[in-house]
Amino acid sequence: MSKISWTDEEDLEQDDFECLPHSGNVFIDTRFKRYSSWSLASSTDSALLARANFDPSSYDAEKERERAEERERIFERYTQGRSRTDDIEPWEEPNFSHYMKKDHYGFIHEKPIPMEPVDKKSLEKKQMKEKKWLRMVKHWQETNRMPEDLKSRIWKGCPDSLRGQVWPLMLRIREIKQSNEKQHGPNMYERMKEKARRKSPDIRQIDLDVHRTYRNHEMFQLKYGVMQQKLFYVLAAYSMFNKEVGYCQGMANVVALMLMYLHEEEDAFWALTSLLRGERYQMNDFFTPRLPKLFRCLDHHMVLRKKFIPSVHKHLKKLQYEPTLYATKWFLQCFLDKLPFSLALRVWDIFLLEGEEIETAMAIAILRTFKKTLIKSNDEQLNDFMCRLGESQLDEEKIIDNLSEVLLDLRRQRMSHLPKPTIIEEIKPSESMSTLPSNKKIVVHNQNHFTPVYETTV
C-alpha cells in the first residue's frame, strides 16, 4: 500500500502533476487531476482542517522570501562542492593514517585495524562463490527473470562485490524508472531536483542530516564532497517526488546505504521509490507524519514477543522496557546502525528479497538469540546491551539461522505480516470540510493518529 499526495492550490503548476509515481489505478489518477488542489501530506486533523479552511491572509511573503533565499544558498553550496574556504574540522580531512584504520566496508575506526593473514583456501572459496554469482546475475540480466536458486544463495550471503549488481535487480529499479517516465515524461529525476531547488520546504533539515550521516565512512567524510552532494540531491528530489512524505529523518541513512552500493545518485533515487512505494517493502508509512507504520510494528512486535518468547517478554515487561526504547530504529531503518554493519548487510540482502516481513521476524530473532542474556539483565544492563549491540562481535550465522526459524514460525501462524489497518468510516462532505473529496477513507492505527490513504501500486 502506498499513497497519493495532493498538491497545494497556491503551488499548482503543470509539473506538479508529474511529481508523483504513476499509481497504476486509472480512477485514482483521474481523481488526482480533479482534486489536485488538495495536499494531505499531514495526517493530523488540525492540519487537515487548516487546509480545508485555507486563509490567504495568513501567507507571510517575507518569511517565504527568507526561506527561498536560504534554500538557494544551501543548493549553491552543494553545487559548488568542497572548497578550501570551508570551515573544515581536522577529522574531516583525510590523511594517510585513515587508510590504516579503514575496515573492509569503508568505515574509519579510531585505532588501526590489524592486517589479517591471507588464507589461500578461503580466498579460493570466495572467488569460486563470486564466479557462480556472476554467472547467475548475467543470466538474470539477460532474461529479466529471477533465478530459481537466488533465495538459497541470498540466505547464505551475497558477495559484497556483487551487491551493486544484485540489489538493483531485486529492487526493480529499471522497471520502476521506465514505468514512471512512460507516464510522466523523461528526466523525471532531474526535473525533481530542479523543482526541489525552487520549492522544497525540507532543504534545511536535509542539509543538517547530510552532515551527520555516516561521517565515519570514507564516502561521506568529506564535507560537501561528491557523495554528500549525491545524498543531498537524492533526498531533495524525493522530497518533491513524494509530497506525502517529503523528507523525514531516518531516510538519509537508507539512501546513503544505497549510494554505497549503487553509486549513481539516480539509481539511489529509484531505489528509495521502490522501498517506500513498492508492494514488497511498503516503507512509506514509516516516514509519513506521525509514523503510523512504526507504531503498528511496535504494537505487533509486543504481541509476537509475548507469544514466541514469553520469558523475555515477562522480564522486559517487569522492567518496563518497552519496544519504543530499543526497536524504533530497528524498524525505521531496517536495523542499520543497530547491528554490526556486516550483519546489517546480510539482513538487507534478505529484506530486499523477502520483503517487509523480515523486519518483524528479525526483531524477534534478536531477542531469541540473546534470550539468556536479556532475562538476567537489570534495566541498566539491558539498556547498555541494546545500545552496544551494533559494536559487538556477534555470531552472524547463528542469528541468520534464528531469523530463518522465526520467519517460518511466523508464517505458519500467519503472523509474519502486520495486521492491516482498519477502515472505520468514510469522510463525508460537511460544512467544515465541504471541499474534501468524498471518497477519502480514514485508516486508524491506534487511538492517537489517523491517516487518509489511497491504495496504489508502483
Side-chain angles (χ1 to χ4, degrees), residues 1-2 105 107 154-155 157-158 160 163-164 166-168 170-173 209 213-214 217 231 234-235 238 242 245 247-262 268-288 291-301 304 323-324 326-369 386 389-390 394 396 399-400 402-404 406-407 410 416-418 458:
M1 180 182 290
S2 55
Y105 299 102
F107 287 94
I154 283 289
W155 278 89
C158 177
D160 192 60
R163 284 192 170 99
V166 175
W167 283 11
M170 290 196 289
L171 287 162
R172 297 175 56 248
I173 288 176
D209 288 350
T213 299
Y214 288 130
H217 193 280
L231 178 58
V234 171
L235 294 171
Y238 198 78
N242 183 347
V245 169
Y247 171 74
C248 179
Q249 287 179 308
M251 293 169 62
N253 287 54
V254 173
V255 173
L257 177 68
M258 294 296 109
L259 286 170
M260 288 180 195
Y261 288 95
L262 308 185
F269 172 83
W270 293 114
L272 184 62
T273 302
S274 179
L275 290 169
L276 267 66
R277 297 259 183 189
E279 188 68 26
R280 184 181 297 170
Y281 313 112
Q282 300 187 37
M283 295 183 76
N284 197 75
D285 280 358
F286 279 133
F287 303 111
T288 50
L291 316 175
K293 187 172 181 179
L294 172 61
F295 288 100
R296 288 171 56 212
C297 281
L298 294 171
D299 291 343
H300 190 51
H301 175 69
L304 299 181
T324 49
Y326 64 87
T328 297
K329 276 200 170 183
W330 286 5
F331 295 124
L332 272 181
Q333 300 178 346
C334 194
F335 302 93
L336 280 177
D337 299 338
K338 293 302 177 181
L339 293 175
F341 192 69
S342 57
L343 177 57
L345 287 175
R346 293 283 301 276
V347 173
W348 268 83
D349 290 338
I350 300 168
F351 171 65
L352 295 182
L353 174 70
E354 302 281 4
E356 64 171 346
E357 58 187 339
I358 292 303
E359 292 194 275
T360 302
M362 186 62 184
I364 297 299
I366 292 174
L367 300 186
R368 180 181 285 185
T369 301
M386 289 297 190
L389 197 59
L394 306 180
E396 293 186 8
I399 295 175
I400 295 298
N402 278 342
L403 172 59
S404 178
V406 170
L407 184 61
L410 295 182
S416 61
H417 289 282
L418 297 178
V458 172

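Hydrogens, waters and symmetry mates play no part in the numbers below; they use all other heavy atoms, side chains included. Just so it is clear, the model here is predicted, and its values are computed rather than measured.
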Residues that Phe341 engages under ring pair (Phe, Tyr, Trp, His ring centres under 6.0 Å), provided they are two or more places apart: Tyr105, Phe107

Between atom OG1 of Thr273 and atom CG of Asn242, what is the distance when rounded to the nearest 0.5 Å? 8.0 Å

Roughly how far, to the nearest 0.5 Å, is the OH atom of Tyr238 from the OH atom of Tyr247? 13.5 Å

Side chains of Cys334 and Leu275 in contact at under 4.5 Å (non-hydrogen atoms): no

Roughly how far, to the nearest 0.5 Å, is CE of Met258 from CH2 of Trp348? 4.5 Å

With sequence neighbours excluded, tell me which residues meet side chain to side chain donor-acceptor pair (under 3.5 Å) with Tyr326. His301, Arg305

Apply side-chain contact (heavy atoms from CB on, under 4.5 Å) to Leu257 and Leu345, showing your working. CA-CA 9 Å; Leu257 177 68; Leu345 287 175; 3.9 Å; yes

Give every residue pair that meets the salt bridge (charged side-chain N to carboxylate O under 4.0 Å, His left out) criterion with at least one member in residues 351-361, sequence neighbours excluded. Lys151-Glu354, Lys293-Glu356, Glu354-Arg411, Glu357-Arg411

Quick test of your reading: applying salt bridge (charged side-chain N to carboxylate O under 4.0 Å, His left out), list the pairs with at least one residue in residues 332-351, sequence neighbours left out, ordered by first then second residue. Arg163-Asp349, Arg346-Glu397

List the residues meeting side chain to side chain donor-acceptor pair (under 3.5 Å) with Ser404, not counting sequence neighbours, and say none if there are none. none

Step by step, work out the side-chain contact (heavy atoms from CB on, under 4.5 Å) result for Ile366 and Leu339. CA-CA 10 Å; Ile366 292 174; Leu339 293 175; 4.0 Å; yes

Side chain to side chain, Leu403 and Thr369, heavy atoms closer than 4.5 Å: no

Could you give the distance from CD1 (Ile364) to OG (Ser416), rounded to the nearest 0.5 Å? 12.5 Å

Would you give the length of the straight line joining atom CG of Leu235 to atom OG1 of Thr213, rounded to the nearest 0.5 angstrom? 7.5 Å

Could you list the residues that satisfy ring pair (Phe, Tyr, Trp, His ring centres under 6.0 Å) with Phe335, not counting sequence neighbours? Trp330

Looking at Tyr281 and Leu276, would you say the former's side chain and the latter's main chain have a donor-acceptor pair under 3.5 Å? no

Test side chain to side chain donor-acceptor pair (under 3.5 Å) applied to Thr360 - qualifying residues, sequence neighbours left out: none

Side-chain contact, heavy-atom cut-off 4.5 Å: Ile173 with Ser274? no

Residues forming a side chain to side chain donor-acceptor pair (under 3.5 Å) with His217, sequence neighbours excluded: none

Considering non-hydrogen atoms only, spot the tightest contact between Leu259 and Ala268 and give its length. CD2-CB, 3.6 Å

Under the ring pair (Phe, Tyr, Trp, His ring centres under 6.0 Å) test, residues paired with Trp167 that sit two or more places apart: Tyr261

Working to the nearest 0.5 angstrom, can you tell me the gap between Phe331 CZ and Met283 CE? 11.5 Å

